[in-house]
Amino acid sequence: MLKIYNTLTGKKEPFEPIVPNTARMYVCGVTVYDYCHIGHARSALVFDVLRRYLEYSGYAVTFVKNFTDVDDKIIKRALEQGVSCDAVTAKYIQAYHEDMGKLGIRAATEEPKATEHITDIIQLTERLVAKGLAYVVAGDVYFEVSKYPEYGRLSKRRLEDLQAGARVEVDERKHHAMDFALWKSSKPGEPAWESLWGPGRPGWHIECSAMSIRHLGETFDIHGGGMDLIFPHHENEIAQSCGATGKEFARYWVHNGFVQINKEKMSKSLGNFFTIREIFEKSEWPEDVTGEILRCFLLSTHYHGPLDFSDQALKEAKSALNGFYDLFGRLGEPGGKAIVGQGLDQALDRCRAAFMSAMDDDLNTPMAIASLQALRSDVNKLLAVGLSTEGRQTARQAFRSFGAVLGLFQLDRWDFNVRVEPKAAHLALATFAPTVTVEPVMTDVQIETKLAERIDAKKCKDFKRADVIREELKSLGITIEDKPDGTSRWKR
RNA sequence: GGCGCCGUACCCAAGUGGUAAGGGAGCAGUCUGCAAAACUGCGAUGCAGCGGUUCGAACCCGCUCGGCGCCUCCA
């Protein structure tokens, strides 16, 4: 049974969906005015894994993740680049899909856009005005926080405290400094939709209320996003949604921690961020490998805590994965006629139990990975004793299916040391060039030829010659392992 | 000023009341022509510090120190 930490209650709680065996979740996506950074990747990945694990646990999952495609920053970017807002959002939505695709993040069930829900947004705003929870000022509509007694429930703040700390210059027309815009009147040239209050566009928070209600209903199971969205975004969503419907909104609020650089929050405003594509650009490894390394790195810390990004951390993730893929390579070779069976079954059962209990415990991915490492060790030992071809396949399949929950271990080959020309290491975002292509420095046939040469040399006890060949291949990133039977295996 | 998070070995990282998982790096050994991989062994008498509660604390409480976040757009 999955237990999940709920920001709303501050406790780890058993996940009990509203409709049995069904999970409905909404996650705040991105505002599409720029490329995604590694922090966006973490958030997307955490909820991708939550979704995968819910499915693995037998739930039918409806997963909604939005795109904010109308916003001040988009307007600004469009002006800067001299293109339409549509052009900006289309470009970065596509980039989002490309980047997340490389990380193996599955598309959500629905990926609605704010601009496609203007009618829903206007209707929801009207409901709030009609209920006296919002007021109109010269074409703008504001939510009145003081009319909503539960305001601050999620972020555990009191209005008085907020007021004391407010650093923003307060718009005089607002009744309370914390009142926020549901609808903003548009200036000429800005995106605008007709409404009762004149031409305008939605405020930031209202779109998520409108879209989640549209796609999941007025009350649903899980609402997620990054820690920084707790206040004010999610607090405001709750106020709007509960205020309008009079019902409970989302039952479980799940928030992921930040990616940091040298213990500092990574963010656009601080300028210390790495975009996802930048990381792929700089990588010396093939795309699918880099994607898996990144995924493994991002899952190596519990989702709730901070995670420090560094080359060192990436290398460690690489080493960890390398051990698995080395094993998979051996599992792909034909086995002996060993009588193994029970040992493997026991190892698999042990792993399954440990894996499930780790994931059930608030998505403890580091512990889940540890359970797979234990299996790796067990299988290695069985291999030393002798494992049949069938047993090898069973083991590989087990890694594949547990791994699928985390999005790991799905590659057939781990051409880990294929040398890829590192593309210009410090490309500016704007000059980003498309995807890196992978070109092995040596073809398989060439390698096999060299290997045959070396085996001949070894047969003649010409170890010097054999070592020269091994060194030659090594300099090209190809590692040779001699097997007891005199033949060799190689890997890139 | 208000709210909150974090501090576990050389590094990463679980553990949230029952006597310190796992990985990486390192060292030693087995195997090997040598390597590589794998396997085996070694490695925190202690969980930032100091008090307290308890039969028992890394885990609970209090204080202190250090790092960070939110309260403004932010995953």
Side-chain angles (χ1 to χ4, degrees), chain A residues 7 10 12 27-31 33-34 36-47 68 71-73 76 152 155-169 178 204 224-233 235 255-260 262-270 273 296-297 300-302 304-308 310 312-313 315-323 326-327 329-330 354 358 361 364-374 376-377 379-381 383-385 458 461-464 466-467 470-471 474 479-484 488-491:
Chain A
T7 308
K12 227 189 266 185
V27 172
C28 291
V30 293
T31 300
Y33 72 103
D34 206 345
C36 289
H37 57 57
I38 183 80
H40 295 118
R42 185 181 193 196
S43 183
L45 181 55
V46 164
F47 294 102
T68 298
D71 174 87
D72 290 348
K73 293 187 290 290
K76 185 166 168 249
S155 55
K156 314 210 168 21
R157 287 157 211 257
R158 297 177 308 166
L159 273 179
E160 309 85 79
D161 297 340
L162 291 169
Q163 201 170 12
R167 280 186 269 149
V168 254
E169 57 302 0
M178 294 317 296
W204 175 35
M227 288 282 190
D228 50 352
L229 296 182
I230 295 173
F231 190 89
H233 185 55
E235 194 68 62
H255 295 97
N256 66 278
F258 292 121
V259 176
Q260 308 181 318
N262 294 324
K263 309 284 181 198
E264 268 194 330
K265 176 184 175 180
M266 176 172 79
S267 73
K268 289 187 182 168
S269 35
L270 292 174
F273 65 97
C296 186
F297 159 69
S300 67
T301 298
H302 184 82
H304 206 257
L307 172 59
D308 224 58
S310 65
Q312 166 78 8
K315 282 188 184 127
E316 287 182 9
K318 178 187 84 174
S319 301
L321 282 169
N322 210 23
D326 275 350
L327 171 59
R330 272 169 262 135
D361 186 13
N364 193 331
T365 53
M367 212 189 214
I369 291 171
S371 74
L372 293 167
Q373 277 158 339
R376 185 189 128 213
S377 173
V379 173
N380 267 323
K381 282 171 210 162
L383 224 38
V385 179
K458 272 173 62 182
K461 302 279 182 201
D462 183 358
F463 295 121
K464 203 172 174 187
D467 289 349
R470 186 166 61 200
E471 282 309 308
K474 194 177 177 187
T479 308
I480 291 174
E481 284 178 33
D482 291 339
K483 294 194 277 187
S488 305
R489 66 168 75 93
W490 61 273
K491 62 176 178 176

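Since the structure is predicted, the reported quantities are computational estimates derived from the model, not experimental observations. So that the names make sense, note that chain A is the first sequence line, chain B the second, and so on, each numbered from 1.
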Please give the distance between the [atom1] atoms of [N] and [M] as a whole number of Å.
N: B/C63; M: B/C27; atom1: P; answer: 46 Å
N: B/G49; M: B/U40; atom1: C1'; answer: 39 Å
N: B/A13; M: B/G1; atom1: P; answer: 31 Å
N: B/A36; M: B/U45; atom1: C1'; answer: 38 Å
N: B/C61; M: B/C5; atom1: P; answer: 11 Å
N: B/A28; M: B/G43; atom1: P; answer: 16 Å
N: B/G23; M: B/A9; atom1: C1'; answer: 13 Å
N: B/A58; M: B/G7; atom1: P; answer: 15 Å

I'd like to check the side-chain contact (heavy atoms from CB on, under 4.5 Å) partners of [X]; sequence neighbours left out, ordered by chain and number.
X: A/D326; result: A/N322, A/R330, A/K491
X: A/S371; result: A/C351, A/A354, A/F355
X: A/A374; result: none
X: A/S377; result: A/K381

inquiry  = In the structure I gave you, are the side-chain heavy atoms of A/D34 and A/H40 within less than 4.5 Å of one another anywhere?
reply    =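 Not touching, per the 4.5 Å side-chain cut-off.
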With sequence neighbours left out, write down each residue that passes side-chain hydrogen bond (donor to acceptor under 3.5 Å, both in side chains) with [X], or none if nothing qualifies.
X: A/R376; result: none
X: A/D308; result: none
X: A/D482; result: A/R454, A/K458, A/S488

message = Once you measure the plane-to-plane angle for A/H302 and A/H304, does it fall in the parallel (<30°), tilted (30-60°) or perpendicular (>60°) bin?
response =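 Tilted.
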Atom-pair distance ([atom1] on [X]; [atom2] on [N]), nearest Å:
X: A/L159; N: B/G1; atom1: CG; atom2: C1'; answer: 16 Å
X: A/I480; N: B/C34; atom1: CD1; atom2: C1'; answer: 13 Å
X: A/D361; N: B/A14; atom1: CG; atom2: C1'; answer: 10 Å
X: A/K474; N: B/A37; atom1: NZ; atom2: C1'; answer: 13 Å
X: A/L229; N: B/C3; atom1: CG; atom2: C1'; answer: 17 Å
X: A/K318; N: B/C12; atom1: NZ; atom2: C1'; answer: 15 Å
X: A/H302; N: B/G15; atom1: NE2; atom2: P; answer: 7 Å
X: A/K491; N: B/A36; atom1: NZ; atom2: P; answer: 11 Å

note = A/D462 meets the salt bridge (Lys or Arg N to Asp or Glu O under 4.0 Å) criterion, sequence neighbours left out, with none
request  = Only counting residues at least two apart or in another chain, list the ones meeting salt bridge (Lys or Arg N to Asp or Glu O under 4.0 Å) with A/K315.
outcome  = none
Identify the pairs formed between an N or O of the protein and an N or O of nucleotides 68-70 of chain B at a distance under 3.5 Å, and give each distance.
from, atom 1, to, atom 2, distance (Å)
B/C70, OP1, A/K265, NZ, 2.8
B/C70, O2', A/R157, NH2, 3.2
B/C70, O2, A/R157, NH1, 3.4

[X] near the nucleic acid: base, sugar-phosphate alone, or nothing, with a heavy-atom cut-off under 4.0 Å?
X: A/G39; result: base
X: A/G152; result: nothing
X: A/V27; result: nothing
X: A/S155; result: sugar-phosphate

inquiry  = Measuring from atom CZ of A/F231 to atom OG1 of A/T7, what distance do you get when rounded to the nearest 0.5 angstrom?
reply    =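 A/F231 CZ to A/T7 OG1: 14.5 Å, rounded to 0.5 Å.
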key: Distance (rounded to the nearest 0.5 Å) between A/D361 CG and A/M367 CE   =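 Here the interatomic distance stands at 7.0 Å.
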At under 4.0 Å, does any side-chain N or O of [X] touch on OP1 or OP2 of [N]?
X: A/K381; N: B/U40; answer: yes
X: A/N380; N: B/A37; answer: no
X: A/S300; N: B/C12; answer: no

task = Counting heavy atoms from C-beta on, name the nucleotide in B/A37, B/A13, B/U40 closest to the side chain of A/E481.
result =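 Nucleotide nearest to A/E481's side chain: B/A37.
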inquiry  = One thing to verify: whether A/D467 and A/R470 come together as a salt bridge, which I'm taking to mean a side-chain N less than 4.0 angstrom from a carboxylate O.
reply    = yes
remark   = A correct dot-bracket answer for RNA chain B, with pairs being Watson-Crick or G-U at under 3.5 Å, [ ] for crossing pairs and | for inter-strand pairs, is ((((((((.[[[..)..(...]]].(((((.......))))).....[[[[[..)....]]]]])))))))....
B/S/- contact track for nucleotides 19-33 of chain B, protein heavy atom under 4.0 Å = --BSBS--------B
query = With nearest nucleotides of RNA chain B determined for A/R330 and A/M266 from heavy-atom distances, which residue corresponds to the more 5′ nucleotide?
reply =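 So the residue in question is A/R330.
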